[in-house]
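What follows is a set of notes on a single structure, which appears directly below.
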Amino acid sequence: MKTVLTEVAEQFHVSPEEVRAEIARAIHLALTSSDPEVKRRWDKLLPQKQRNDISVEAVIAILTKAVLAGHEKAHTTPFELAH
């Protein structure tokens with residue numbers, strides 16, 4: 001079975017490692033944002049104590065779960081569903 005990273009890599013003609021690195025960079029930027037609203041939303045999804053050693057795949061799983069849960073509740077953002 002292909003992983004999401006492999007599928008994205010094939011679509012954009014890059015390696016899965018490049019995809020993982022780019023997603024890791026985006027996650028880092030999001031987690032270190034100075035915007036209070038962004039911080040609040042990430043704190044609900046991924047508490048500070050869980051951020052140090054979390055994998056890209058784990059963050060994708062957390063976000064996927066939040067998005068899927070959001071489809072079940074009208075007018076609720078995925079971030080609000082985290083807790």
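In this text the structure is predicted, and so the values were computed from the model without any measurement.
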If you look at every heavy atom in Gln50 and Leu46, which pair is closest and at what distance? OE1-CD1, 3.7 Å

CH2 (Trp42) and OG1 (Thr32) are apart, to the nearest 0.5 Å, by 11.0 Å

Of the non-hydrogen atoms in Val14 and Glu18, which two are nearest, and what is the gap between them? CB-OE1, 3.4 Å

Partners meeting salt bridge (charged side-chain N to carboxylate O under 4.0 Å, His left out) with Glu17 (sequence neighbours left out): none

Strictly by salt bridge (Lys or Arg N to Asp or Glu O under 4.0 Å), give each pair with a member in residues 22-32 just once, sequence neighbours left out. Glu22-Arg25

Just verifying a value: how many Å separate Asp43 CG and Gln48 CD, rounded to the nearest 0.5 Å? 5.5 Å

Heavy-atom pair of closest approach, residues Ser15 and Ala9: C-CB, 3.6 Å

So, do Thr6 and Thr3 sit near enough that their side-chain heavy atoms are less than 4.5 Å apart? yes

Which pair of heavy atoms, one from Ile60 and one from Ile23, lies closest together, and at what distance? CD1-CD1, 4.2 Å

Can any side-chain N or O of Arg20 pair as donor or acceptor with the backbone N or O of Leu5 at less than 3.5 Å? no

